[in-house]
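Throughout, protein chains are lettered first and strands after them, A, B, ... in sequence-line order, and every chain is numbered starting at 1. No experiment lies behind these values; they were computed from the predicted model shown.
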Amino acid sequence: DVKVTQSSRYLVKRTGEKVFLECVQDMDHENMFWYRQDPGLGLRLIYFSYDVKMKEKGDIPEGYSVSREKKERFSLILESASTNQTSMYLCASSSPLGREGGDTQYFGPGTRLTVL
Amino acid sequence: AQKVTQAQTEISVVEKEDVTLDCVYETRDTTYYLFWYKQPPSGELVFLIRRNSFDEQNEISGRYSWNFQKSTSSFNFTITASQVVDSAVYFCALSEATGSNYKLTFGKGTLLTVNP
(Lines give C-alpha, C1' and ligand atoms only; values in the text may rest on other atoms or scores of the structure.)
Protein backbone atom coordinates (compact mmCIF):
# COMPACT_ATOMS: atom_id res chain seq x y z
CA ASP A 1 0.00 0.00 0.00
CA VAL A 2 1.06 3.55 -0.68
CA LYS A 3 2.06 5.36 2.45
CA VAL A 4 2.42 9.11 2.70
CA THR A 5 3.40 10.51 6.05
CA GLN A 6 3.53 14.08 7.31
CA SER A 7 5.76 15.20 10.13
CA SER A 8 3.06 16.61 12.39
CA ARG A 9 -0.71 16.28 12.74
CA TYR A 10 -1.01 19.53 14.66
CA LEU A 11 1.32 22.51 14.75
CA VAL A 12 1.08 25.89 16.46
CA LYS A 13 3.42 28.68 15.40
CA ARG A 14 3.72 32.40 15.93
CA THR A 15 3.47 35.11 13.31
CA GLY A 16 6.80 35.69 11.60
CA GLU A 17 8.24 32.26 12.37
CA LYS A 18 9.75 30.13 9.65
CA VAL A 19 7.76 26.90 9.39
CA PHE A 20 8.73 23.61 7.79
CA LEU A 21 6.15 20.97 6.90
CA GLU A 22 7.65 17.67 5.88
CA CYS A 23 6.15 14.95 3.71
CA VAL A 24 7.62 11.52 3.00
CA GLN A 25 6.31 8.81 0.68
CA ASP A 26 7.53 5.25 0.47
CA MET A 27 6.29 4.22 -2.98
CA ASP A 28 9.07 5.66 -5.11
CA HIS A 29 6.63 8.13 -6.67
CA GLU A 30 8.05 10.80 -8.93
CA ASN A 31 5.28 13.32 -8.34
CA MET A 32 4.54 15.11 -5.08
CA PHE A 33 2.05 17.84 -4.25
CA TRP A 34 1.18 20.27 -1.47
CA TYR A 35 -2.39 21.50 -0.96
CA ARG A 36 -4.12 23.61 1.61
CA GLN A 37 -7.72 22.98 2.59
CA ASP A 38 -10.01 25.66 3.97
CA PRO A 39 -13.73 25.53 4.75
CA GLY A 40 -15.81 26.47 1.72
CA LEU A 41 -12.77 26.63 -0.57
CA GLY A 42 -11.95 22.94 -0.96
CA LEU A 43 -8.41 21.87 -1.82
CA ARG A 44 -6.10 24.37 -3.46
CA LEU A 45 -2.76 23.42 -4.96
CA ILE A 46 0.23 25.32 -3.57
CA TYR A 47 3.22 23.69 -5.26
CA PHE A 48 4.07 20.44 -6.97
CA SER A 49 7.17 18.61 -8.06
CA TYR A 50 7.71 16.08 -10.84
CA ASP A 51 11.26 15.17 -9.98
CA VAL A 52 14.04 15.78 -7.52
CA LYS A 53 15.04 19.45 -7.41
CA MET A 54 12.13 20.35 -9.69
CA LYS A 55 9.18 22.44 -8.56
CA GLU A 56 6.25 24.18 -10.17
CA LYS A 57 3.83 26.73 -8.78
CA GLY A 58 0.27 25.73 -8.22
CA ASP A 59 -2.70 28.01 -7.85
CA ILE A 60 -1.73 29.77 -4.61
CA PRO A 61 2.09 29.78 -4.21
CA GLU A 62 2.39 33.22 -2.62
CA GLY A 63 3.97 33.08 0.82
CA TYR A 64 5.26 29.54 0.35
CA SER A 65 8.31 27.79 -1.03
CA VAL A 66 9.22 24.13 -1.39
CA SER A 67 12.24 21.89 -1.40
CA ARG A 68 12.76 18.47 -2.93
CA GLU A 69 16.30 17.25 -2.36
CA LYS A 70 15.37 13.56 -2.29
CA LYS A 71 12.76 11.68 -4.27
CA GLU A 72 10.83 10.53 -1.23
CA ARG A 73 10.70 13.87 0.59
CA PHE A 74 8.89 17.10 -0.26
CA SER A 75 9.01 20.01 2.16
CA LEU A 76 6.73 23.02 2.31
CA ILE A 77 8.25 26.16 3.79
CA LEU A 78 6.46 29.19 5.17
CA GLU A 79 9.22 31.80 5.18
CA SER A 80 7.39 34.12 7.58
CA ALA A 81 4.16 32.62 8.85
CA SER A 82 1.07 34.81 8.92
CA THR A 83 -2.34 34.27 10.49
CA ASN A 84 -3.96 33.83 7.07
CA GLN A 85 -1.84 30.71 6.61
CA THR A 86 -3.73 28.96 9.38
CA SER A 87 -5.11 25.96 7.55
CA MET A 88 -5.03 22.22 6.96
CA TYR A 89 -2.07 21.24 4.78
CA LEU A 90 -2.22 18.03 2.76
CA CYS A 91 0.61 16.31 0.94
CA ALA A 92 0.08 13.82 -1.90
CA SER A 93 2.17 11.70 -4.22
CA SER A 94 1.62 9.83 -7.49
CA SER A 95 3.36 7.95 -10.26
CA PRO A 96 4.00 9.83 -13.50
CA LEU A 97 1.45 10.11 -16.29
CA GLY A 98 1.65 7.16 -18.66
CA ARG A 99 2.15 4.60 -15.95
CA GLU A 100 -0.97 2.59 -15.11
CA GLY A 101 -2.97 4.59 -12.60
CA GLY A 102 -0.31 7.24 -12.83
CA ASP A 103 -2.47 10.24 -12.13
CA THR A 104 -4.01 8.85 -8.95
CA GLN A 105 -2.82 10.91 -6.01
CA TYR A 106 -2.42 9.35 -2.59
CA PHE A 107 -2.66 11.64 0.40
CA GLY A 108 -1.04 11.92 3.79
CA PRO A 109 -3.03 12.48 7.02
CA GLY A 110 -2.67 16.25 6.91
CA THR A 111 -1.10 18.86 9.20
CA ARG A 112 -3.40 21.31 10.91
CA LEU A 113 -1.35 24.48 11.28
CA THR A 114 -2.40 27.33 13.52
CA VAL A 115 -0.51 30.63 13.30
CA LEU A 116 -1.07 32.91 16.28
CA ALA B 1 -9.89 26.23 -17.47
CA GLN B 2 -11.15 23.07 -15.90
CA LYS B 3 -13.87 23.16 -13.28
CA VAL B 4 -15.56 20.69 -10.98
CA THR B 5 -18.87 21.55 -9.35
CA GLN B 6 -20.36 19.74 -6.39
CA ALA B 7 -23.57 21.63 -5.92
CA GLN B 8 -24.53 19.87 -2.69
CA THR B 9 -22.61 21.44 0.16
CA GLU B 10 -24.15 19.24 2.85
CA ILE B 11 -26.44 16.21 2.85
CA SER B 12 -27.97 14.56 5.88
CA VAL B 13 -29.63 11.14 5.73
CA VAL B 14 -30.78 8.46 8.11
CA GLU B 15 -28.93 5.15 8.19
CA LYS B 16 -29.97 2.67 5.49
CA GLU B 17 -31.15 5.38 3.12
CA ASP B 18 -29.60 5.57 -0.34
CA VAL B 19 -27.83 8.82 -1.15
CA THR B 20 -26.39 10.27 -4.37
CA LEU B 21 -23.61 12.83 -4.47
CA ASP B 22 -23.54 14.92 -7.62
CA CYS B 23 -20.48 15.98 -9.60
CA VAL B 24 -20.47 18.05 -12.78
CA TYR B 25 -17.27 18.91 -14.61
CA GLU B 26 -16.02 21.13 -17.40
CA THR B 27 -13.00 20.40 -19.58
CA ARG B 28 -11.78 20.91 -23.11
CA ASP B 29 -9.57 17.83 -22.99
CA THR B 30 -10.70 14.79 -24.93
CA THR B 31 -8.81 12.46 -22.62
CA TYR B 32 -9.27 12.99 -18.93
CA TYR B 33 -9.77 11.13 -15.69
CA LEU B 34 -12.31 11.59 -12.94
CA PHE B 35 -11.87 10.68 -9.30
CA TRP B 36 -13.75 10.43 -6.04
CA TYR B 37 -12.07 10.76 -2.66
CA LYS B 38 -13.46 10.35 0.85
CA GLN B 39 -12.25 12.47 3.77
CA PRO B 40 -13.43 11.08 7.13
CA PRO B 41 -13.18 13.20 10.30
CA SER B 42 -9.60 11.98 10.79
CA GLY B 43 -8.62 14.19 7.85
CA GLU B 44 -6.86 11.90 5.41
CA LEU B 45 -8.20 11.81 1.86
CA VAL B 46 -8.88 8.24 0.81
CA PHE B 47 -8.91 7.36 -2.88
CA LEU B 48 -12.16 5.65 -3.95
CA ILE B 49 -12.23 5.47 -7.75
CA ARG B 50 -10.57 6.62 -10.97
CA ARG B 51 -12.44 6.63 -14.25
CA ASN B 52 -11.15 7.50 -17.72
CA SER B 53 -13.15 9.51 -20.24
CA PHE B 54 -13.44 6.63 -22.69
CA ASP B 55 -15.09 4.26 -20.28
CA GLU B 56 -18.71 5.15 -19.58
CA GLN B 57 -19.64 1.89 -17.95
CA ASN B 58 -21.09 2.27 -14.51
CA GLU B 59 -18.99 0.89 -11.70
CA ILE B 60 -20.14 -0.88 -8.58
CA SER B 61 -18.05 -1.70 -5.54
CA GLY B 62 -20.06 -3.12 -2.67
CA ARG B 63 -22.48 -0.42 -1.52
CA TYR B 64 -20.79 2.18 -3.72
CA SER B 65 -21.67 2.85 -7.34
CA TRP B 66 -20.67 5.49 -9.84
CA ASN B 67 -22.58 6.78 -12.85
CA PHE B 68 -20.48 8.49 -15.52
CA GLN B 69 -22.40 10.31 -18.24
CA LYS B 70 -20.30 12.15 -20.77
CA SER B 71 -23.36 13.70 -22.42
CA THR B 72 -24.13 15.64 -19.26
CA SER B 73 -20.53 15.90 -18.01
CA SER B 74 -21.47 14.24 -14.77
CA PHE B 75 -19.88 11.64 -12.55
CA ASN B 76 -22.28 10.92 -9.72
CA PHE B 77 -21.65 8.73 -6.71
CA THR B 78 -24.32 6.68 -4.98
CA ILE B 79 -24.08 5.00 -1.59
CA THR B 80 -26.70 2.31 -1.09
CA ALA B 81 -27.96 1.49 2.39
CA SER B 82 -25.84 4.19 4.00
CA GLN B 83 -24.08 3.59 7.30
CA VAL B 84 -22.82 5.93 10.00
CA VAL B 85 -19.24 5.14 8.93
CA ASP B 86 -20.01 6.72 5.56
CA SER B 87 -20.15 10.13 7.25
CA ALA B 88 -17.38 12.16 5.65
CA VAL B 89 -16.61 14.88 3.15
CA TYR B 90 -16.55 13.52 -0.40
CA PHE B 91 -14.55 15.20 -3.14
CA CYS B 92 -14.86 14.79 -6.87
CA ALA B 93 -11.76 15.64 -8.94
CA LEU B 94 -10.73 15.96 -12.58
CA SER B 95 -7.23 15.46 -13.97
CA GLU B 96 -5.80 18.20 -16.13
CA ALA B 97 -2.81 17.73 -18.41
CA THR B 98 -0.10 20.28 -17.79
CA GLY B 99 2.92 19.93 -20.02
CA SER B 100 4.04 16.33 -19.90
CA ASN B 101 2.23 15.61 -16.69
CA TYR B 102 -1.00 16.49 -14.96
CA LYS B 103 -2.64 17.95 -11.87
CA LEU B 104 -6.04 17.51 -10.24
CA THR B 105 -8.84 20.03 -10.00
CA PHE B 106 -11.07 19.34 -7.00
CA GLY B 107 -14.66 20.25 -6.32
CA LYS B 108 -15.40 21.97 -3.03
CA GLY B 109 -16.69 18.76 -1.49
CA THR B 110 -19.98 17.48 -0.10
CA LEU B 111 -20.34 16.84 3.63
CA LEU B 112 -22.39 13.69 4.13
CA THR B 113 -23.82 13.02 7.58
CA VAL B 114 -25.45 9.66 8.18
CA ASN B 115 -27.52 9.66 11.34
CA PRO B 116 -28.32 6.47 13.26
Applying a strict 4.5 Å limit to non-hydrogen atoms, the region of Arg112(A) in contact with chain B is neither
Answer yes when Asp55(B) and Lys70(B) have at least one side-chain N-carboxylate O distance shorter than 4.0 Å, and no when they do not.
no
Roughly how far, to the nearest 0.5 Å, is the CG atom of Asp22(B) from the OG1 atom of Thr110(B)?
7.5 Å
Gln6(B) versus chain A, heavy atoms under 4.5 Å apart: side chain, backbone, both or neither?
neither
Which bit of Gln6(A) is near chain B, if near means a heavy-atom gap under 4.5 Å: side chain, backbone, both or neither?
neither
Partner of Tyr35(A) under ring pair (Phe, Tyr, Trp, His ring centres under 6.0 Å), picked from Tyr47(A), Phe107(A), Phe74(A), is Phe107(A)
Under 6.0 Å between the ring centres of Phe77(B) and Tyr64(B)?
yes
